[in-house]
Amino acid sequence: MDAIKADRMSLITNRPNKPPGLKGDPIFGCMRQYIRDPLGFVADAARDYGSVVCFPFLWRKVYLLSGPADIEAVLMTNHANFIKTALLRTPGVQRVMGNGLVTSDGEFWRRQRRLAQPAFHHARIAAYSNVAVQFAHELLQGWRNLAVVDLRKEMMKLTLGIVAKTLFNADTKGEENEIGQSLDTCIRLFATQWTLRGIFMQRFPTPDRRRLFSAAEKLDRAVYRIIAEHRKMGDTGDLLSLLVAAQDEDGSQMTDEQLRDEAMTLFLAGHETTAITLSWIWVLLMKSPEVEAKLHDELRALLDGRLPAFEDVTKLRYTEQIVKEAMRLYPPIWAIARQSLNEFNAGGYRIPGGSEIIISQWVNHRNPAYFDNPDKFQPERWTEAFTKQLPKYAYFPFSAGPRNCIGSGFAMMEGILILATMAQSISLRRVSTNFVRPFPSITLRPEGDLRVTVISRWNEGKEDAQKPGCPARC
């Protein structure tokens with residue numbers, strides 16, 4: 001990145017306990033360089049200045065940490081010294097996410113985590129697997145051979161239906177477009193939080209603020225409808241039922257607003273991130289015919305045309321490797337931000353209390369010190385031996401420590417089973433040759449023309465046409 005290379009003269013050296021970094025300009029700091037290319041900025045900063053980098057961002061001092069030991073301290077061994085970043089306490093994020101698991105801290109977060117954890121036990125994840133396969137199968141039945149579909153929208157619709165059914169036992173058919181468009185508006189406006197545009201949105205009734213709040217109102221309508229249905233139905237065995245029935249020590253129960261915040265968090269986390277991962281998997285497979293061929297070989301050998309089941313997850317080893325490698329190259333959450341409460345040590349430097357801390361999966365997952373050919377899509381790298389020798393905090397797509405993603409097991413199972421269900425029946429080919437690029441907001445979406453042509457993998461004929469996942473009129 002030219003801006004960082006040109007700023008090498010600002011490297012802070014020979015000053016005890018101050019990490020190296022960028023000086024930036026007097027007013028904006030490094031904000032303009034960051035806004036131009038967030039992913040390039042953090043990657044080049046870590047490469048050029050080391051595992052602890054300091055840079056100014058408006059009135060803040062921000063520290064980018066990429067050393068595995070420092071990441072472990074922030075996320076695990078010294079996690080009590082760090083709270084969620086101020087970015088998650090802005091009016092826009094609070095309006096959408098409320099005080100759910102992603103945004104809350106302290107004892108309130110611990111209580112909510114305890115209440116939600118039973119919904120993600122092994123037995124429940126096994127039960128959820130049937131829903132993931134069923135919804136993926138139904139999606140394929142609605143496609144035609146040689147049809148052109150929008151990959152991103154289709155994956156979003158698929159995962160939205162799965163999350164609504166498994167976590168809330170709800171049917172969102174008929175609301176998918178409105179919910180999807182509202183989530184899209186929120187994600188895109190979240191990307192502006194650390195810009196002047198975002199700062200104005202947080203403080204004044206700008207058009208962006210009105211759009212964000214309008215999108216949040218539409219999401220509220222869907223979520224509050226689901227909550228009202230659960231109040232009437234009682235326990236239906238899903239997460240929301242557990243939260244509705246949960247009682248505190250004094251006998252009090254969660255209000256509708258508290259339930260709404262947790263439901264919204266799980267909508268966003270469980271729907272958006274899985275859809276992103278599936279979209280990136282297909283983008284990578286379309287560019288890697290040799291990987292796709294090996295995937296088809298595994299599915300043919302293990303499934304032979306039948307729909308996969310939960311028991312197949314541990315046997316679909318190459319399918320799992322593809323999912324892990326896609327999350328390495330394009331982690332659905334590309335950075336974690338924290339704020340330190342007290343001074344701490346990182347890489348031999350003293351970092352002041354109140355500092356903004358960034359830890360980036362995008363940086364660590366593409367570090368050549370840990371991954372050979374780091375920019376290459378190479379699922380075969382994920383052998384048992386490779387995983388054992390990899391530093392623990394070199395690869396962390398679901399975060400780590402006490403605040404690791406509560407649904408990580410569910411997400412891996414879902415990704416493996418959906419990919420197996422779809423890939424044994426179809427291949428996809430891009431319609432456009434335009435470049436697909438990552439769009440870094442809170443999540444890392446694929447941006448660009450994602451229209452694809454559906455290619456049935458079954459031949460014409462009555463017998464083949466009845467294969468479980470065969471698209472209509474194959």
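Just so you know, these numbers come straight off a predicted model, no measurement behind them.
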If every non-hydrogen atom of N367 is compared with every non-hydrogen atom of A369, which pair is closest and at what distance?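 Looking at all heavy atoms of both residues, the closest pair is OD1-N, 2.9 Å.
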Taking the side chain as C-beta and beyond, is there a heavy-atom pair between [X] and [Y] under 4.5 Å?
{"X": "L64", "Y": "I359", "result": "no"}
{"X": "R306", "Y": "L303", "result": "yes"}
{"X": "D312", "Y": "I416", "result": "no"}

Using the rule given for side chain to side chain contact (heavy atoms under 4.5 Å, CB included), can you reason through I358 versus L65, listing the C-alpha separation, both sets of side-chain angles and the distance that settles it, and then say yes or no? CA-CA 6 Å; I358 295 178; L65 309 183; over 6 Å; no
Do [X] and [Y] have a side chain donor and acceptor closer than 3.5 Å?
{"X": "E138", "Y": "Q134", "result": "yes"}
{"X": "S104", "Y": "Q112", "result": "no"}
{"X": "T421", "Y": "H137", "result": "no"}
{"X": "Q339", "Y": "T85", "result": "no"}

Has [X] got a side-chain atom pairing as donor or acceptor with [Y]'s backbone, closer than 3.5 angstrom?
{"X": "N364", "Y": "Q361", "value": "no"}
{"X": "H230", "Y": "L240", "value": "no"}
{"X": "R328", "Y": "P374", "value": "yes"}
{"X": "E447", "Y": "F439", "value": "no"}
{"X": "R457", "Y": "Q424", "value": "yes"}
{"X": "R47", "Y": "V363", "value": "no"}
{"X": "T103", "Y": "G100", "value": "yes"}
{"X": "W280", "Y": "L444", "value": "yes"}
{"X": "N78", "Y": "A73", "value": "no"}
{"X": "S129", "Y": "A126", "value": "yes"}

Is it true that [X] and [Y] have a side-chain N and a carboxylate O under 4.0 angstrom from each other?
{"X": "E298", "Y": "K315", "result": "no"}
{"X": "R95", "Y": "D220", "result": "yes"}
{"X": "D105", "Y": "R403", "result": "yes"}
{"X": "R111", "Y": "E107", "result": "no"}
{"X": "E257", "Y": "R260", "result": "no"}
{"X": "R338", "Y": "E356", "result": "no"}
{"X": "D256", "Y": "R231", "result": "yes"}
{"X": "E292", "Y": "R429", "result": "yes"}
{"X": "E229", "Y": "K232", "result": "no"}

Between Q258 and F108, is the side chain to side chain contact (heavy atoms under 4.5 Å, CB included) condition met? List the steps. CA-CA 11 Å; Q258 289 173 313; F108 181 83; 3.6 Å; yes
Using 30° and 60° as the class limits, which term best fits the ring planes of [X] and [Y]: parallel, tilted or perpendicular?
{"X": "F41", "Y": "Y34", "value": "perpendicular"}
{"X": "W382", "Y": "F386", "value": "perpendicular"}
{"X": "F371", "Y": "H365", "value": "perpendicular"}

Can you sort out the partners of R300 under salt bridge (charged side-chain N to carboxylate O under 4.0 Å, His left out), two or more places apart, ordered by chain and number?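 By the salt bridge (charged side-chain N to carboxylate O under 4.0 Å, His left out) rule, R300 matches D297.
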Could you check M155, E414, M156 and say which one makes a side chain to side chain contact (heavy atoms under 4.5 Å, CB included) with T274?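 It is E414; the other options fail the test.
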Quick one: which of E272, M327, R445 gives a side chain to side chain contact (heavy atoms under 4.5 Å, CB included) with P332?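 Exactly one option meets the side chain to side chain contact (heavy atoms under 4.5 Å, CB included) with P332, and it is M327.
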To the nearest 0.5 angstrom, please state how far the [atom1] atom of [X] sits from the [atom2] atom of [Y].
{"X": "L266", "Y": "L101", "atom1": "CG", "atom2": "CG", "value": "6.5 Å"}
{"X": "L75", "Y": "N404", "atom1": "CG", "atom2": "CG", "value": "9.5 Å"}
{"X": "N81", "Y": "F344", "atom1": "CG", "atom2": "CZ", "value": "7.0 Å"}
{"X": "L278", "Y": "R152", "atom1": "CG", "atom2": "CZ", "value": "14.0 Å"}

Near-ring test F310/Y128, centroid separation under 6.0 angstrom: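 Between F310 and Y128, which both carry aromatic rings, the centre distance is not below 6.0 Å.
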Is the centre of the Y370 ring less than 6.0 Å from the centre of the Y395 ring?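 Not under 6.0 Å, so no.
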Derivation of the side chain to side chain contact (heavy atoms under 4.5 Å, CB included) call for K84 and W109: CA-CA 11 Å; K84 289 290 184 169; W109 169 81; over 6 Å; no
Walk me through it: do T443 and W334 pass the test side chain to side chain contact (heavy atoms under 4.5 Å, CB included)? CA-CA 6 Å; T443 56; W334 67 277; over 6 Å; no
Step by step, work out the salt bridge (Lys or Arg N to Asp or Glu O under 4.0 Å) result for R366 and D375. CA-CA 7 Å; R366 291 173 178 253; D375 296 327; 3.0 Å; yes
